Every structure is written in structure tokens, then in C-alpha cells.
Amino acid sequence: MLRSIERALIDGLAGAVTEAGHDRTVDPSALELEDFDDDEKGEFSSAISFAIAADEGSNPMSVASSIADAHEAAGLPEGIGAVTVENGHINYHLDVETMARRTLSAIGDEAASYGAREHAAPETIIADVSSPNIAKPLHVGHLRNTILSDALMNVLEALGHDVARDNHLGDWGVQFGNLLHEYVEFGDEDAFEEDPIAHLLDLYQQFEQRDSMLEDVEAFEALTGSFEEAVAAERDHHTAAGKEWFARLEDGDEAAVERWERFREASIERFEAVYEELGVDFDLWIGESFYAREGWNDRIVDRALEEGVAMRAADGSAFIPIYPDEYEDAGDPERVDVDPSLARAREALDAAGNVEDADFDPFYIVKSDGSTVYGTRDLATIAYRIEEFDADRSVYVVASEQDHYFSQLFVAARKMGFTDLRLQHVNYGMISLPEGSMSTRGGQIVTVREVLDAARDRARDIVEEKGRGVDDDEVAVIARKIALATVKYGMVASNRGKDITFDIDEAVSLDGDTGPYVQYATTRAYSILDDAESVPEADAIDPGAFNDTDHRLIYHLGRYPLVLNLCEERYDAAPLARYLLDLAHVFNSFYHKNRVLDAESAAGERLALTAATAQVFENGLGLLGVDTLAEM
RNA sequence: GGGCGCUUAGCUCAGCCUGGACAGAGUGUCUGGCUUCGGACCAGAUUGUCGCGGGUUCAAAUCCUGCAGCGCCCA
């Protein structure tokens, strides 16, 4: 409703500007949506009078008045009750009765699909989400990724896109050769059965620590050179063995593949338990290994070399050269501008003598030992998504550490001739934990398991202390849902690009801007509705019966669809999370100021409004993956 | 050495992309509110060189630019 009024206002404003004798084009940015709280500003306002006055050398106040008069004479759009001029601004005021009637009937009619719509330009979207490496536990980074991408994809689906979530597992690469080697040499069957991921992580770290051991040794100059050499030789032996195991894996060697599959299956089994607890689901679990084992990587390499997009280096590696001026807009097929030929790279290489010093960035697709890398598999994934899925957009929900990598990948893809697909890196900032909030066990990673357990324990204490109408056997279930709300809000309430400090104490304290605050408001709405004998339909109420406090709530309910649009624009779920916090504030204030049940007037109207609010909470929290609670 | 990003109240963060009317929340601190639909709440008070300098503009937290600090990536 606000959206259609906004469009009508822009058209009307453009007409009024001309009618009042001013020469100025009016675009949508000329109109601003204001908060409902301010009587002076109205709900929509325009400052276009200042720009016109500056051009004409006239007074903004009189320009504004002339436009407002012209607009009023031509007729204001339906739903706008008045136009005023204040401080040179043109302010439009909603007709509150129309707003109430239209907003409440829209929510009543559309119910669970209020806010959702058919998209004018729907896309088929495939997104890399979560994407953990197998043989390692899920950590807080995966937590943010998984929760953000789940919410974002839910929103995109609600807005009419066709979305496939692909858990793009990191299940291929030389590190699994290393792991196979460690396992064969030092692995323990029983320990693996007991807790496969923990055991594999130990082996993995053991492999990696050989490097740091070497550094330690180098630090002690007192030690003899021969000891240093011995350590280096030991390290080299294991590195070579790891590479050999990965080569065996790539060749399909039975002993290698069989073990690797065990690692993969055990990891996935553990991951699935966590995902289920988080309440998230995926459409695809393709993983990097698929592209290696099904020949997609080889085809990418062949194609890149045959078409002269990639070049061989002296050491046998192959790369696609990328020039600094090509990065801009590579994600957008309509604006991308790259030169796939190698002429420029050859010149640069001649001038510089070697790849490192040349004036381009090499995007490697084959290493000197012939094995493939990340980039090869990501190019293969793009080819697959175009050929097998006919996707319009390939989305990568990956931490912003990878910004540079993805801008290179996108340029490389364009050079490969993959021009039909929109490529988008949805990056997000790092998560850190405040000092002392949780044990990080000597600098090791903080796992999703640890965060969830801590959140659940805190939530349980609070439910036991403050819960009302909660039976003892329900405490655990409710505590779990509250814990999830705290964690999800902690991950998604900040704009995705920003690093966040996740303070579990603050998140679970349930005071102020937290997930449980929104849950609490919803529970209060349910509680009122429960006590009502019946809730009137939206078209059976008198829209003139509401007061200012009611209007404020209605206005916020009407904003909901605009908020989803904003989420799509930014590819972020944070606007939705914050909107629901706002709505909870407004609703809490509403029922404190206004009696609902047995009110002297407008009882039925406020019940209908309460029902509509509960509906919007359900819809919005549902997209964020947060459960509502009848009791808490 | 090169590139990207961040810097707004004591703390955690919106607002910036698309410039506009006194810069907003939460938290903290202080005050008030339960015989009334659930006090995990509400009402009020308090808190700012919008990192620093320069520029563009009728108008800059917002756009451009230089610098500083922090983070990340590449080498």
C-alpha cells in the first residue's frame, strides 16, 4: 500500500513541479519516507524545493508552497490526506483511516503470505551457503554464514525467486591427501569411531604443526644445523606423502577413495545434526569433489588452454591473467568489460621476466604439480550452474576475507566466456568473541556446538527463573527456541559486511534489542488473542476508531513489504531483523498505552490489530528462522 | 610494497549506496510505573569534535580527496 502511494506521489509531484512553472525532472529519490512519529514531517516528504530554488535564485519556502498548491489542486493520491509545507519541505500526510483499512485488510487477506509476492523479474538463483570443510568442526564463521544465508534465501524465495541452496562442501584438495597420509600413519580406528571429526582434526593439526615446529627450531640458533635439517627432512617427507595420497585420490585409487568417503560421510552426519538443530536445510550438497570426480575440472582446464584464455608458466602451472582495470563490475554480465586474449599478458611477461613481477594477477587453474585448485573448481561450478541449471544468478555467501579472490574468479569466468550468469559475492565480516566470554581452549576455534550449548544453558536458567505458564517438561524445548533466537539475532542483526563481536552474555540476557525481545512481544500478542472470545475480521471493524498510538502500529505493519524489498536490494537479512525489533517496541508500547480486551472503545478494532501484528511477527520471524512461542 | 574494507554516545550498533529539517536505537547510569490483557515490559532523564584535514554544494555523517589508526587479502 505504501509502495503504490509512493509511486503515485512521485508522478503527482512531477506534475505539480511543472504545473507550478518550475523546470526540474523528478525521480524517485526526490521523495523520502519519514517516521510516523512526527506530525510536522508527515509520512512522505520532498526537499526538491531547495534544488529548484537554488537554480532559480528564488526562495525555497515559496517554491515549496507553489508546488504543494499545484499538487493539491491537481488532486492528491488516494490514501494521502493532506500536504503541508514546513521549513521549505513539502510534506505529505497519510489519511489514517485509509491506511488502517487497507493495511489491516491486506494482512487479513494475505495472512501467512503478507509481504511475499510474485516477482516482476524472477530469477533462478543458486547459492553457495555454509560450505564447511569436511573433517573439521563447524565454527562460528559457519554459524554466521549458515544463519545469514538461510534468512536471506528465505526472503528471496518469499519475493518470488526460485532459489537453490547448495552446501558447497570443501571436500577436495591436497589437504585431504595430507589427512589420508596422517590417518594411515597415525590414525586410530577407535578414536575415529568415537568422534570422527575430533580425531580427524587432531590429525590435521598434527600435520600442520610440523611447519611451526620447524620455525621453533629455527629460532634456536644454538642448535646444530644438522638437527634443523632433520626436522626439515621430516616435514618434507610428510608433505610429499600427502601430495602423493591426494594424487591417488584424484586417480580414483580404491584405498584412498574408500577412506576419503568414510571421512566425508562421518563429517556430513555430524554436520546434519547441527543443521537440524539450527533448523536449516539445503537443496543440494554438491561439494567440490563432484567437479573433480565428474571431469568438470579437466574440461575447464582444457577449455581455458584451448581457447587461449589461460597460459602455461615455465613450471607447468596454468593461469588466467587478470589486469587491475578489469575488476570493476565483473559480477554484472551487462557491464563487465574484459579482454580474454593473452597478448597483453605475454607483453607484460616479457617485460617483467617472471609471473610474480608482471603487471597482472595470475588466477591459477593448475598448479605446477598438475593438481587443480579452488579456482578450477569454482569455474567448473559456474559452468555446471549454467549448463545443468540454467541459473540466472550464482551467489556466494562467503566471508569478506575472500573479496579479492571472488573478484578474480568473476573476471576469470568472464574470460572463459561464461557471460550469461550474474555472479555475486555476498560477503560478511568476521566474528570475534569478547575476551573471557567463552573458553577458546588456548586459541583454538570456537565451535558452533559450544555456542549453542552455552546459549541453551543461559536460556534455560532464565526460563526457569522468569518463565510463566511453562510446565517443567517444556522448559528444555522453550529454552532451546529462545537460545536459537539469541544466536540467530546475534548473527544477523548487524549489517552483513561488518565484523561483529558476539557477546553471548548480552545476547542471552534478553534485555533490549535481542531475538527473545521479539519473541516476547509475540507471546504477549498471542496471550491477548487467547483471552479474546473472538477476533473480528478486518472488514468488520471501524477504521475510524483508532487513536494515534494505534495508527503508529498500523503504519509499521504497512512498512513490512518495503523492508523485504530492502533486504533484496542489499542481499542482507539485517533490515528485517531490525524492523522486527522496531515493531516489537511499537507493539509493546501500544498494549501498554491502550487496553485491548474490554476497552471502552475500539476493543474489536484493537483485537484485529493485535492479530495482524502477530501475523507480521510470524511472517518475519519465520523468514529469519526464529520460532514464536505460546508461552515463555 | 600493492589492493580492499572499517572508524558515529562509555559499550554494541542503525543512518551513508540515492546529500535536505534538531544525528537515532539498544545497553549503561539516574528517576517513575504492577488491585488493570504476562514487569523478559513501559514512561522519562542523561550521553556526540559523526577519526583528522581539505574540496564540491543553496545544503555534507552522507559525495570527492589527502592523512592517521585498525582489520583483511595479495606479494
Side-chain angles (χ1 to χ4, degrees), chain A residues 27-32 34-35 37-38 40-41 45-60 63-64 85-91 324 327 355-357 359 361-363 399-408 427 429-430 432 434 459 462-463 465-470 482 490 493-495 497-503 505-521 523-532 569-570 574-575 577-579 581-582 584-585 587-599 603 606-607 610 629 631-632:
Chain A
D27 61 42
S29 68
L31 202 67
E32 202 172 342
E34 302 286 352
D35 288 340
D37 306 333
D38 198 323
E40 255 182 26
K41 289 186 184 176
S45 94
S46 177
I48 198 165
S49 26
F50 291 91
I52 293 172
D55 284 352
E56 294 178 353
S58 55
N59 180 334
V63 171
V85 171
E86 199 80 43
N87 297 331
H89 291 71
I90 304 162
N91 298 330
Y327 285 116
V355 174
E356 283 69 37
D357 296 330
D359 187 20
D361 296 326
F363 184 81
S400 45
E401 294 157 28
Q402 306 283 336
D403 284 356
H404 186 63
Y405 169 75
F406 277 100
S407 51
Q408 291 194 338
N427 63 359
M430 286 193 330
S432 56
I462 290 173
V463 174
E465 183 194 333
K466 298 188 173 177
R468 282 179 54 171
V470 178
I482 292 174
S494 294
N495 288 347
K498 289 208 152 187
D499 290 352
I500 54 179
T501 305
F502 180 59
D503 186 334
D505 287 317
E506 203 168 291
V508 187
S509 76
L510 318 187
D511 288 327
D513 280 353
T514 64
Y517 177 81
V518 184
Q519 285 178 314
Y520 178 76
T523 301
R524 293 294 304 268
Y526 286 155
S527 185
I528 293 171
L529 295 170
D530 265 359
D531 290 346
E569 238 173 69
R570 299 191 182 182
R578 279 197 301 271
Y579 164 79
L581 287 168
D582 274 350
H585 280 292
F587 177 68
N588 282 341
S589 179
F590 154 83
Y591 70 67
H592 268 273
K593 284 188 187 154
N594 292 326
R595 208 44 216 175
V596 177
L597 300 170
D598 60 50
R606 293 209 178 106
L607 261 178
T610 303
L629 294 160
E631 314 282 354
M632 65 185 281

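Residue numbers begin at 1 in each chain, while the letters A, B, ... track the order of the sequences. Here the structure is a predicted model, which means the values were calculated and not measured. Atom set for the values below is all heavy atoms of this structure, side chains included, hydrogens, waters and symmetry mates excluded.
Atom pair A:Asp27:CG and B:rG20:P shows a separation of 13 Å (rounding to whole Å applied). Straight-line distance from the CG atom of A:Asn588 to the C1' atom of B:rA40: 10 Å, rounded to whole Å. In this entry the distance linking NZ of A:Lys593 with P of B:rC34 reads 18 Å, nearest Å. As rounded to whole Å, 17 Å separates atom P of B:rA59 from atom CD1 of A:Ile52. With rounding to whole Å, A:Ile528 atom CD1 is found 7 Å from B:rG38 atom P. Going from atom CZ of A:Phe50 over to atom C1' of B:rU57 covers 14 Å, rounded to whole Å. Atom CD1 of A:Ile500 and atom P of B:rU12 are 13 Å apart (whole Å). One atom, CG of A:Asn495, and another, P of B:rC16, lie 9 Å apart when rounded to the nearest Å.
Listed nucleotides: B:rG26, B:rC37, B:rG15. Nearest to the side chain of A:Asp513: B:rG26. For A:Glu86, the side-chain atoms get nearest to B:rA21 when compared with the rest of B:rC13, B:rA21, B:rA40. In the set B:rC13, B:rG33, B:rC58, B:rG33 carries the atom at the smallest distance from any side-chain atom of A:His592. Proximity note for A:Ser494 (side chain, C-beta onward) versus B:rA40, B:rC13, B:rC72: the nearest is B:rC13. Out of B:rC74, B:rG39, B:rG26, the shortest distance to the side chain of A:His404 is found at B:rC74. Which of B:rG38, B:rC37, B:rC73 sits closest to the side chain of A:Glu631 comes down to B:rG38. Closest to the side chain of A:Val463, out of B:rA40, B:rC41, B:rA14, is B:rA40. Here the nucleotide nearest the side chain of A:Lys498, chosen from B:rC6, B:rA21, B:rC72, is B:rC6.
Residue side chain A:Ser45 reaches the base of B:rA21 through a donor-acceptor N/O pair under 3.5 Å, judged by distance alone.
Among the protein residues, A:Thr610 comes within range of no part of the nucleic acid, since none of its heavy atoms lies under 4.0 Å from any strand. Using a 4.0 Å heavy-atom criterion, one finds that A:Leu581 contacts no nucleic acid atom at all. Among the heavy atoms of the strands lying under 4.0 Å from A:Ser527 is at least one base atom, whether or not backbone atoms are also near. Among the heavy atoms of the strands lying under 4.0 Å from A:Glu34 is at least one base atom, whether or not backbone atoms are also near. Contact annotation for A:Arg468: base contact, defined as any heavy-atom pair under 4.0 Å involving a base atom. A:Asp35 comes within 4.0 angstrom of nothing in the nucleic acid, heavy atoms only. Within the 4.0 angstrom heavy-atom criterion, only backbone atoms of the sugar-phosphate kind lie near A:Asp499; the bases stay farther away. Counting any heavy atom pair closer than 4.0 Å across all strands shown, A:Gln519 reaches no nucleic acid atom. Here A:Asp582 lies out of heavy-atom contact (under 4.0 Å) with every strand. Nucleic acid contact for A:Glu465: none, since no nucleic acid atom lies under 4.0 Å from a heavy atom of the residue. Among the heavy atoms of the strands, none lies under 4.0 Å from A:Ala399.
When the side-chain nitrogen and oxygen atoms of A:Arg524 are compared with OP1 and OP2 of B:rG39, one or more of them lie within a distance under 4.0 Å. The side chain of A:Ser589 places an N or O atom within less than 4.0 Å of a non-bridging phosphate oxygen (OP1 or OP2) of B:rA43. Put simply, A:Tyr517 has a side-chain N or O that comes within less than 4.0 Å of OP1 or OP2 on B:rC42.
Nucleotides B:rC63 and B:rA25 have their P atoms positioned 23 Å apart, rounded to a whole Å. Across the P atoms, B:rU29 and B:rC73 are found 38 Å apart, a figure rounded to whole Å. Straight-line distance between the C1' atoms of B:rG69 and B:rG32: roughly 43 Å, to the nearest whole Å. To the nearest whole angstrom, the two P atoms, one in B:rA60 and one in B:rG55, are 12 Å apart. Taking atom C1' on both nucleotides, B:rG28 is separated from B:rC64 by 38 Å, rounded to a whole Å. Rounded to the nearest Å, the gap between the C1' atom of B:rA45 and that of B:rU27 is 16 Å. Rounded to a whole angstrom, the distance from the C1' atom of B:rU12 to that of B:rU7 is 15 Å. Separation of the P atoms belonging to B:rG24 and B:rA61 is 13 Å when rounded to the nearest angstrom.
Using Watson-Crick or G-U wobble geometry with both donor-acceptor distances under 3.5 Å, B:rG51 finds its partner in B:rC67. Nucleotide B:rA45 forms a Watson-Crick or G-U wobble pair with B:rU29, both donor-acceptor distances falling under 3.5 Å. Pairing for B:rC17 is absent, judged as Watson-Crick or G-U wobble with the two contacts each under 3.5 Å. Base pairing of B:rG39 is not made with any nucleotide, judged by Watson-Crick or G-U wobble geometry with both donor-acceptor distances under 3.5 Å.
Contact of the A:Ser589 side chain with the A:His592 side chain is not registered, since no non-hydrogen atoms from C-beta on lie closer than 4.5 Å.
Side chains of A:Tyr517 and A:Asn588: a donor-acceptor N/O pair is present below 3.5 angstrom, by distance only.
Remark: ring of A:His89 does not overlap the six-membered base ring of B:rG20 in a stacked fashion, as centroids less than 5.5 Å apart with planes less than 30° apart are not both met.
Note that CG of A:Asp499 is 10.0 Å distant from OG of A:Ser494, once rounded to the nearest 0.5 Å. Taking CZ of A:Arg578 as the reference point, atom CG of A:Asn495 lies at 4.5 Å (rounded to 0.5 Å). Expressed to the nearest 0.5 Å, how far CD of A:Glu32 lies from NZ of A:Lys41 amounts to 8.0 Å. If you take OG1 on A:Thr514 and CG on A:Leu581, they are separated by 7.5 Å, rounding to the nearest 0.5 Å. Remark: A:Asn59 CG to A:Phe50 CZ distance equals 9.5 Å, nearest 0.5 Å.
What you find for A:Phe587 and A:Ala525 is that their closest heavy atoms are CZ-CB, 3.6 Å. Nearest heavy atoms, A:Pro516 versus A:Met632: O-CE, 3.9 Å.
Residue order along RNA chain B, read from the 5' end via each residue's closest nucleotide, puts A:Arg570 first among A:Arg570 and A:Asn87. Across the interface with RNA chain B, nearest-nucleotide mapping of A:Asn91 and A:Asn594 shows A:Asn91 to be the residue nearer the 5′ end.
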